[in-house]
Structures are given as structure tokens and as C-alpha cells.
Amino acid sequence: MTDPEMAMLEARYWWGVPTLFRCPHDPDPSHCDIAVAGVPHSSGNGSTERDQHLGPRAVRHVSAHNRRAHTAFGLVPWDVCRINDVGDVPLPEAMDNEACIERITEFFRKIAESGTRAVAIGGDHSVTGGIVQGLAERGSRLTADRPAALVHFDAHVDSYEQLPHWFGARKSAAHWAAYLVRQGQVDATRSVQIGIRGNRPSLDELRTSYDLGYEVIPIDRYQELSAQRCIEIIRERAGDAPVYVTFDLDCLDPSVAPAVSNLEAGVGGFSIDEANTLLRGLRGLDVIGGDVVCLMPTKDGPNGITAMVAAHVAFELVSLIADRLHPAP
């Protein structure tokens with residue numbers, strides 16, 4: 001088979017072994033610059049369906065479609081960086097959220113010890129807590145012993161520390177944005193939560209994020225400010241800090257990503273073009289890692305459109321890191 005013929009096949013998601021972005025499968029993070037990983041966890045969000053652990057497999061199924069050049073960056077991430085699929089976090093205590101968070105932390109701690117950056121596919125949003133605990137703990141090679149700046153795309157703030165647990169889970173999908181600040185892995189004063197929308201359970205729901213020090217940009221404020229001004233705010237706050245980007249698919253409009261675990265259908269979310277603009281606006285920041293979470297494959301359409309969107313967002317995160325490591329001339 002000729003090289004062009006092989007390239008043609010490798011861009012088909014339905015052909016070959018479904019690793020993430022058709023990257024080599026190698027569980028040793030020291031063998032790559034960027035580790036892509038699955039976090040098949042769903043016991044951190046007891047208020048919705050429990051199928052988010054199927055997210056990594058669904059994205060693996062379609063992600064070869066995204067093994068492409070990044071046109072806007074003038075970059076082919078697979079050519080300039082060693083990018084490997086390091087597999088899934090092993091979670092034998094799957095229904096015990098607290099045990100799973102510690103397993104996730106240990107998995108990503110080993111990645112950080114190798115000096116490797118990471119992009120993860122979840123899983124419910126509690127996985128972000130475990131990942132950042134591992135990547136940004138004291139003494140981390142990735143953060144130079146500094147807390148990370150968080151860029152948090154979401155319809156919800158996930159900082160509900162006024163609650164002791166979320167349906168039994170303590171380091172839950174509803175708590176991670178608070179406890180990471182309290183523990184010192186995230187500097188909220190350098191962080192932004194963007195895309196928050198919908199009628200809230202209480203009028204003071206955002207108060208915990210404000211009290212922690214986050215800049216919160218709900219969707220109506222985003223529309224007033226413009227995407228460019230929001231990008232400026234994110235960049236001004238993050239500065240030279242190590243940055244972690246977490247992307248909850250429910251920040252997108254339901255017409256773009258219908259298969260998410262906490263659907264907010266009453267108020268429009270980001271279009272994919274708006275999300276692309278915001279993500280690409282992070283170019284040049286010291287992005288040490290990121291995740292895409294809350295995919296619900298059992299709710300997706302027969303063409304897997306939400307899984308395809310998730311793969312695209314992960315591709316944008318990979319490209320941000322690759323461009324930081326090897327900026328295009």
C-alpha cells in the first residue's frame with residue numbers, strides 16, 4: 001500500500017485499532033510529550049444518568065477523524081510532538097467515587113513526574129479534581145511548584161462547597177472547583193469560569209465561586225463583553241501561570257452537543273465556532289493539560305455527533321499544547 005493510500009485509511013474512524021486520534025498506544029508517559037488518556041468514571045455525579053464512563057470509548061471510536069493539521073495554527077501536532085494514547089485510568093472500585101478520584105490522581109501524578117502534559121477524555125466532571133490533584137500537586141514538574149490557573153468552560157460552576165456531598169460523593173462533579181482551590185492546586189484569582197447559564201436553583205448560586213476568587217463570565221455577560229474581551233480577561237488573569245483547561249460539553253448549545261449529562265436546554269449555549277474562538281484565544285499560554293467531560297454516549301444520535309464534537313475539542317486542546325511546545329514560525 002502506498003503512503004497516500006495509508007493516509008487515506010488512517011483518516012477513517014471506522015478502520016483499524018481505535019486509539020485516541022490513532023496515536024500509538026504506549027502506557028509509559030515518559031515516551032511522549034503529550035499523553036492522551038481516557039478516564040471512564042461516572043460515580044461522581046449521582047444526579048444524572050451514570051453512563052459517562054462510556055465517554056472515552058465513544059471518543060476513541062470516532063477520533064481518528066480528527067488526526068489532522070490545525071489549519072488556524074499552521075501546525076500538524078502529530079508531526080511536531082510525540083503524542084501517545086496511554087490508555088484508560090484503571091478504576092476497579094468504579095462505584096466508590098472517593099477511591100476512584102485517588103486512582104485518577106495517581107495515574108496523572110505519574111504523567112506529571114515524567115514532565116509530560118496531558119489531555120483527558122471523561123467521564124463525569126469529578127475527574128477534573130483527580131487529574132489536577134495529580135498534575136498540579138506540590139513539587140510538580142509541570143507547574144514549577146505553583147498552583148494552576150483554571151480555564152473552566154461549563155454551564156455550571158461546580159463549586160458547591162456549601163453542600164457536604166453530592167448524592168454521597170464528596171470529591172464530586174459538584175465540588176472539584178472549590179476543593180482544588182482550598183487544597184492549593186488551583187489559584188482562583190488567576191482563573192475564569194465561562195459559559196455559565198440557565199435558571200439557577202438559588203439566586204446566590206455563584207457566590208461560592210466569587211468568594212473563592214474566580215472570575216465568572218455567565219453567558220449573558222459573555223454576549224455583552226464579546227469573545228475578544230473575554231479572551232483578554234482570561235489571558236490577563238492567567239498571565240505566565242501554568243494553565244489547565246477543563247471543557248464540560250454542556251457549555252455548548254444542545255443543538256451542538258445533545259448527549260451531555262446535565263443538559264441546559266432553556267438558554268442557548270456556545271456554538272462550536274464560539275467555542276473554537278475562545279479555545280484558540282488561549283494560544284501561547286502555558287497549557288499543561290486539559291480535559292473534555294460529561295459525554296453521555298447512550299444519549300447520542302446514531303452518527304455519534306456529540307462524541308465527534310468531544311473529539312474535536314480534545315484536538316483543540318492537543319493543538320494548544322503542541323503549539324506551546326513547538327510554536328509555528
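The structure presented is a predicted model; accordingly, all values stated were derived computationally and were not measured. Sequential numbering from 1 along the given sequence is applied to the chain's residues.
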Taking [X] first and then [Y], would you say they form a salt bridge - that is, a charged N and a carboxylate O separated by under 4.0 Å?
X: Asp286; Y: Arg117; value: yes
X: Arg229; Y: Glu224; value: no
X: Glu137; Y: Arg109; value: yes
X: Arg60; Y: Asp88; value: yes
X: Glu236; Y: Arg190; value: no
X: Asp240; Y: Arg146; value: yes

To check you understand the geometry: which heavy-atom pair defines the closest contact between [X] and [Y], and what is its length?
X: Ile321; Y: Ala118; result: CD1-O, 4.2 Å
X: Val267; Y: Arg197; result: O-NE, 2.6 Å
X: Ala227; Y: Thr277; result: CB-CG2, 4.1 Å
X: Arg141; Y: Glu113; result: NH1-O, 2.9 Å
X: Pro56; Y: Gly122; result: CD-O, 3.5 Å
X: Leu285; Y: Gly239; result: CD2-O, 3.8 Å

Within-4.5 Å side-chain heavy-atom neighbours: [X] and [Y]:
X: Tyr210; Y: Val157; value: no
X: Ile131; Y: Val39; value: yes
X: Leu325; Y: Val80; value: no
X: Asp158; Y: His175; value: no
X: Ile196; Y: Glu205; value: no
X: Ser191; Y: Val186; value: yes
X: Leu252; Y: Val309; value: yes
X: Tyr222; Y: Leu278; value: yes

Whether the side chain of [X] engages the backbone of [Y] through a donor-acceptor N/O pair (distance < 3.5 Å, no angle test) should be reported.
X: Arg103; Y: Leu91; value: no
X: Thr246; Y: Asp291; value: no
X: Asp248; Y: Cys251; value: no
X: Thr208; Y: Ser159; value: yes
X: Thr116; Y: Cys32; value: yes
X: Glu98; Y: Arg170; value: yes
X: Arg138; Y: Asp145; value: no
X: Arg324; Y: Gly284; value: yes
X: Ser319; Y: Phe315; value: yes
X: Arg68; Y: His65; value: yes

Could you walk me through whether Val287 and Val245 pass the side-chain contact (heavy atoms from CB on, under 4.5 Å) test, one step at a time?
CA-CA 7 Å; Val287 178; Val245 183; 4.2 Å; yes

Steps toward side-chain contact (heavy atoms from CB on, under 4.5 Å) verdict (Val256, Asp253)
CA-CA 5 Å; Val256 177; Asp253 192 78; 4.2 Å; yes

Distance, nearest 0.5 Å, that separates [atom1] of [X] from [atom2] of [Y]:
X: Ser114; Y: Asp28; atom1: OG; atom2: CG; result: 6.0 Å
X: Gln133; Y: Ser140; atom1: CD; atom2: OG; result: 13.0 Å
X: Ile217; Y: Gln193; atom1: CD1; atom2: CD; result: 10.0 Å
X: Ser42; Y: Met296; atom1: OG; atom2: CE; result: 8.0 Å
X: Leu150; Y: Tyr244; atom1: CG; atom2: OH; result: 8.5 Å
X: Ser126; Y: Trp176; atom1: OG; atom2: CH2; result: 10.5 Å

Does atom CG (Asn303) have a neighbourhood of more than 12 heavy atoms from anything else shown, all under 6.0 Å?
yes

For Arg57, does the CZ atom have more than 12 heavy-atom neighbours from other residues, nucleotides or ligands under 6.0 Å away?
no

Apply side-chain contact (heavy atoms from CB on, under 4.5 Å) to Val293 and Val127, showing your working.
CA-CA 8 Å; Val293 297; Val127 307; 3.7 Å; yes

Is there a salt bridge (Lys or Arg N to Asp or Glu O under 4.0 Å) between Arg237 and Glu215 once you walk through the steps?
CA-CA 9 Å; Arg237 285 177 72 87; Glu215 179 81 41; 3.6 Å; yes

Within one Ile-Leu-Val-Met-Phe-Trp-Tyr cluster: [X] and [Y], side-chain cutoff 4.5 Å:
X: Val36; Y: Leu75; result: yes
X: Leu279; Y: Ile234; result: yes
X: Ile194; Y: Val243; result: yes
X: Met308; Y: Trp15; result: yes
X: Ile104; Y: Ile121; result: no

With sequence neighbours left out, what residues match [X] under ring pair (Phe, Tyr, Trp, His ring centres under 6.0 Å)?
X: Phe73; answer: His70
X: Phe107; answer: none
X: Phe247; answer: Phe153

Testing the 3.5 Å rule here: is there a donor-acceptor pair between the side chains of [X] and [Y]?
X: Asn97; Y: His41; value: yes
X: Thr306; Y: Asp300; value: yes
X: Thr19; Y: Asp85; value: no
X: Asp273; Y: Ser271; value: no

Under the ring pair (Phe, Tyr, Trp, His ring centres under 6.0 Å) rule, what do His125 and His152 come out as? Steps first, then yes or no, please.
CA-CA 11 Å; His125 216 156; His152 175 197; 5.4 Å; yes

Trace of the side-chain contact (heavy atoms from CB on, under 4.5 Å) decision for Cys230 with Arg221
CA-CA 9 Å; Cys230 291; Arg221 187 177 174 216; over 6 Å; no

